[in-house]
Novice: 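A single structure is presented below for examination.
Every chain is numbered from 1, with letters handed out A, B, ... down the list of sequences. Just the heavy atoms: all of them, side chains too, but no hydrogens, waters or symmetry mates, feed the values below. Quick caveat, the model's predicted, so the values are computed rather than measured.
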2 protein chains.
Amino acid sequence: MSDEKLKLSNQGCFRLYTAARLMIQAYQPWFAQLGITYTQYLVLMVLWEQDCLPLNAISRRLFLESNTITPLIKRMEAMKIVTRKKSKDDARQTIVALTEHGRAMKQQATAIPDCMSALLQEKGLDGETFATIIPTLDYMIEILFK
Amino acid sequence: MSDEKLKLSNQGCFRLYTAARLMIQAYQPWFAQLGITYTQYLVLMVLWEQDCLPLNAISRRLFLESNTITPLIKRMEAMKIVTRKKSKDDARQTIVALTEHGRAMKQQATAIPDCMSALLQEKGLDGETFATIIPTLDYMIEILFK
DNA sequence: ATATATTTAATCGTTCACGATGCAAATATA
DNA sequence: TATATTTGCATCGTGAACGATTAAATATAT
């Protein structure tokens with residue numbers, strides 16, 4: 001019955017959307033301490049892994065376009081977390097690099113993944129269970145990314 | 001090693017966040033036809049299931065606060081999809097009801113879940129596989145919702 | 001009955017997410 | 001080498017999300 005399919009309880013996407021939101025909310029206390037947002041944390045993780053990247057590299061890694069990332073990085077620049085400068089090689093590119101402060105934040109952030117795991121564990125969701133859904137999520141990302 | 005844990009590739013939350021975003025993007029063509037957004041679709045699904053609800057009932061169902069829902073519903077009111085009026089029983093409540101137009105949109109929307117399933121299927125993700133992650137997502141929502 | 005607490009929405013400010021568009025630099029093609 | 005196309009980023013406008021706060025109505029406790 002078509003009525004049945006339109007019920008909220010039958011919407012997988014709604015679960016995904018809600019779980020993601022609540023999970024990001026759960027991170028808030030740690031982000032608040034660092035004075036950053038979730039998306040800024042994602043950018044930092046990319047740069048902590050490899051510094052001095054053109055904006056499009058960050059963009060590809062996070063599946064976000066320049067219209068989202070450009071203002072985001074500018075805010076991070078204003079907070080002295082990163083610097084932005086034009087590439088010599090290709091004048092179209094904007095190279096994003098960590099400042100000393102941005103690099104130092106990594107130390108404070110190292111605890112976050114463990115804290116989050118502990119929080120979930122404590123509430124009854126163990127890492128193993130969570131891990132089981134990752135391959136499906138990855139597959140979804142792969143097929144849905146145009 | 002703490003470095004390892006801060007890698008984007010090890011972040012379950014990032015998968016969740018990205019999969020949700022891309023999934024919502026995949027819905028866009030259908031929403032565009034209806035002239036609504038994903039969150040408005042969620043509100044409509046709640047009201048199609050049960051009409052004339054106070055804002056807080058919609059709020060609880062979607063795990064969203066009034067600061068998100070109030071402006072959203074107002075936009076839907078401006079589009080003549082719903083009406084808003086104060087409750088007689090409890091003057092604090094705002095009762096949200098579908099207009100004739102809002103009710104009629106349900107017919108156009110009935111195809112959406114099937115179209116989405118077909119799209120995923122076509123790209124190689126069958127319903128069964130997606131269904132396997134639902135219980136874990138539900139459990140996450142349950143434990144993370146304060 | 002009155003003071004206090006709780007509930008319900010709304011408002012405000014900030015950031016993200018994204019469609020559409022613009023523009024300049026780089027690259028491909030004629 | 002002139003022209004077309006692509007690429008990389010930025011800008012603009014709109015609509016979520018959400019923290020913080022406020023106002024009003026209702027519930028409760030004294």
Side-chain angles (χ1 to χ4, degrees), chain A residues 14 17-29 31-43 53-79 81 84-96 144-146, chain B residues 14 17-29 31-32 34-43 53-60 62-79 81 84-96 144-146:
Chain A
F14 173 60
Y17 156 84
T18 304
R21 280 180 41 237
L22 296 181
M23 187 102 173
I24 291 170
Q25 280 179 20
Y27 272 106
Q28 285 314 310
F31 294 151
Q33 281 192 318
L34 290 173
I36 58 174
T37 65
Y38 179 66
T39 320
Q40 290 171 10
Y41 175 66
L42 295 181
V43 170
L53 289 173
L55 197 135
N56 76 67
I58 300 172
S59 177
R60 266 195 304 273
R61 203 91 168 72
L62 302 182
F63 305 94
L64 289 167
E65 306 291 325
S66 70
N67 53 3
T68 298
I69 301 226
T70 296
L72 182 75
I73 302 271
K74 282 187 173 183
R75 281 186 288 268
M76 293 175 79
E77 186 187 31
M79 291 188 289
I81 294 172
R84 283 159 21 93
K85 61 167 194 286
K86 282 288 165 193
S87 166
K88 304 268 178 188
D89 304 357
D90 185 337
R92 290 170 304 179
Q93 291 186 333
T94 295
I95 305 293
V96 185
L144 292 175
F145 186 65
K146 69 270 176 191
Chain B
F14 173 61
Y17 156 84
T18 304
R21 278 180 43 237
L22 296 181
M23 187 101 174
I24 291 170
Q25 281 179 21
Y27 272 106
Q28 285 314 311
F31 294 152
L34 290 174
I36 57 174
T37 65
Y38 180 67
T39 320
Q40 290 171 13
Y41 176 65
L42 294 181
V43 170
L53 290 173
L55 196 137
N56 77 66
I58 300 172
S59 176
R60 267 195 303 273
L62 302 182
F63 306 93
L64 289 168
E65 305 291 325
S66 69
N67 54 1
T68 298
I69 300 223
T70 295
L72 182 75
I73 302 271
K74 281 186 173 183
R75 281 186 287 269
M76 293 176 79
E77 185 186 32
M79 292 189 287
I81 294 172
R84 283 160 19 94
K85 63 169 193 286
K86 281 289 166 192
S87 165
K88 304 269 178 187
D89 304 357
D90 185 336
R92 289 171 301 181
Q93 292 186 331
T94 294
I95 306 293
V96 184
L144 292 175
F145 186 65
K146 69 275 173 191

Novice: List the residues meeting side-chain contact (heavy atoms from CB on, under 4.5 Å) with B:Arg60, not counting sequence neighbours, and say none if there are none.
Specialist: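 Applying side-chain contact (heavy atoms from CB on, under 4.5 Å) to B:Arg60 gives B:Asn56, B:Ala57.
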Novice: Quick one: A:Leu62 CG to D:dC9 C1', roughly how many Å, whole number?
Specialist: 16 Å
Novice: Measuring from B:Tyr38:OH to B:Ile36:CD1, what's the distance to the nearest 0.5 Å?
Specialist: 11.0 Å
Novice: Could you give all pairs that pass the side-chain hydrogen bond (donor to acceptor under 3.5 Å, both in side chains) test and reach residues 63-78 of chain B, with sequence neighbours left out?
Specialist: B:Glu77-B:Arg84
Novice: Return the polar atom pairs (N/O with N/O) between nucleotides 2-7 of chain C and the protein under 3.5 Å, or none.
Specialist:
unit_1, atom_1, unit_2, atom_2, d
C:dT7, O2, B:Arg92, NH1, 2.8

Novice: Within a strict 4.5 Å, meaning less than it, do heavy atoms of the B:Leu55 and B:Ile95 side chains meet?
Specialist: no
Novice: What pairs with A:Gln33 under side chain to side chain donor-acceptor pair (under 3.5 Å), at least two apart in sequence or on another chain?
Specialist: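 For A:Gln33, no residue satisfies side chain to side chain donor-acceptor pair (under 3.5 Å) once neighbours in sequence are set aside.
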Novice: If I compare all heavy atoms of A:Thr37 with all of A:Phe31, which pair ends up nearest, and what's the gap?
Specialist: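 That closest heavy-atom pairing would be C-CD1, 4.2 Å.
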Novice: Look at B:Tyr17 and C:dC16 and indicate whether a side-chain polar atom (N or O) is within less than 4.0 Å of OP1 or OP2.
Specialist: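 For C:dC16, OP1/OP2 do not have a side-chain N/O of B:Tyr17 under 4.0 Å.
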Novice: Which residues in residues 67-75 of chain A have at least one heavy atom lying under 4.0 Å from any atom of DNA chain D?
Specialist: A:Asn67, A:Thr70, A:Lys74
Novice: With 3.5 Å as the limit, what N/O pairs link the protein to nucleotides 1-3 of chain D?
Specialist:
none

Novice: Tell me every residue that passes ring-ring contact (aromatic ring centres under 6.0 Å, His included) with A:Phe14, counting only those two or more places apart in sequence or in another chain.
Specialist: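 Counting only residues at least two positions away or on another chain, A:Phe14 forms no ring-ring contact (aromatic ring centres under 6.0 Å, His included).
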Novice: Consider the side chain of A:Ala91, meaning its heavy atoms from C-beta on, and name the nucleotide among C:dA25, D:dT26, D:dC18 that approaches it most closely.
Specialist: C:dA25
Novice: In whole angstrom, what separates B:Lys85's NZ from C:dT8's C1'?
Specialist: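 Going from B:Lys85 (NZ) to C:dT8 (C1'), I get 17 Å.
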Novice: Who pairs with B:Gln25 by side chain to side chain donor-acceptor pair (under 3.5 Å), at least two apart in sequence or on another chain?
Specialist: A:Lys146
Novice: Contact class for A:Arg84 (heavy atom, under 4.0 Å): base, sugar-phosphate, or nothing?
Specialist: sugar-phosphate
Novice: Which atom names give the shortest non-hydrogen contact between A:Ala26 and B:Leu144, and what distance separates them?
Specialist: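 Minimum heavy-atom separation between A:Ala26 and B:Leu144: CB-CD2, 4.0 Å.
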Novice: Quick one: the side chain of B:Ser66 and the base of C:dA10, do they pair up donor-acceptor inside 3.5 Å?
Specialist: yes
Novice: Specify the separation, in whole Å, of atom CG of A:Leu64 and atom C1' of D:dA16.
Specialist: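 To the nearest whole Å, that distance equals 15 Å.
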Novice: Taking OP1 and OP2 of D:dA24, is either one under 4.0 Å from a side-chain nitrogen or oxygen of B:Gln93?
Specialist: no
Novice: For B:Arg21, which residues count as a salt bridge (Lys or Arg N to Asp or Glu O under 4.0 Å) partner, sequence neighbours excluded?
Specialist: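 By the salt bridge (Lys or Arg N to Asp or Glu O under 4.0 Å) rule, B:Arg21 matches no residue at all.
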Novice: Base, sugar-phosphate alone, or nothing: which one does B:Thr94 contact when heavy atoms must sit under 4.0 Å apart?
Specialist: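 It contacts sugar-phosphate atoms only.
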Novice: Quick one: does A:Lys86's side chain have a donor or acceptor within less than 3.5 Å of a partner on A:Arg92's backbone?
Specialist: yes
Novice: Please confirm whether the shortest side-chain N or O distance from B:Ser59 to OP1 or OP2 of C:dT8 is below 4.0 Å.
Specialist: no
Novice: Return the value, rounded to whole Å, for the distance between atom CD of A:Glu65 and atom C1' of C:dC16.
Specialist: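 Distance check: A:Glu65 CD to C:dC16 C1' gives 14 Å.
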Novice: Starting at CD1 of A:Ile24 and ending at P of D:dG19, how long is that distance when rounded to a whole Å?
Specialist: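 Interatomic distance, CD1 of A:Ile24 to P of D:dG19: 12 Å.
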Novice: Taking only N and O in the side chain of A:Gln25, is any of them less than 4.0 Å away from OP1 or OP2 of D:dC18?
Specialist: yes
Novice: Taking atom P of C:dC16 as reference, at what distance in whole Å does atom CD1 of A:Ile36 sit?
Specialist: 10 Å
Novice: Given that A:Ile95 and A:Leu22 both sit by DNA chain D, which one's nearest nucleotide is further toward the 5' end?
Specialist: A:Ile95
Novice: For residues 33-43 of chain A, pull every pair meeting salt bridge (charged side-chain N to carboxylate O under 4.0 Å, His left out), keeping only residues two or more places apart or in separate chains.
Specialist: none
Novice: Out of D:dC9, D:dA16, C:dC16, which has the shortest distance to the side chain of A:Pro54?
Specialist: D:dC9
Novice: Does D:dG8 have a Watson-Crick or wobble mate here (both distances under 3.5 Å), and if so which one?
Specialist: C:dC23
Novice: For B:Phe63 and D:dA16, give me the distance from atom CZ to atom P, rounded to whole Å.
Specialist: 19 Å
Novice: Both B:Lys86 and A:Lys88 contact DNA chain C. Taking the nearest nucleotide for each, which residue is further toward the 5' end?
Specialist: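 Comparing both residues, the 5'-ward one is B:Lys86.
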Novice: Between atom CD in A:Gln40 and atom P in C:dA17, what is the gap in whole Å?
Specialist: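 Rounded to the whole Å, the gap is 10 Å.
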Novice: In Å and rounded to the nearest 0.5 Å, what is the CG to OH distance from A:Leu42 to B:Tyr17?
Specialist: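 Going from the CG atom of A:Leu42 to the OH atom of B:Tyr17 covers 6.0 Å.
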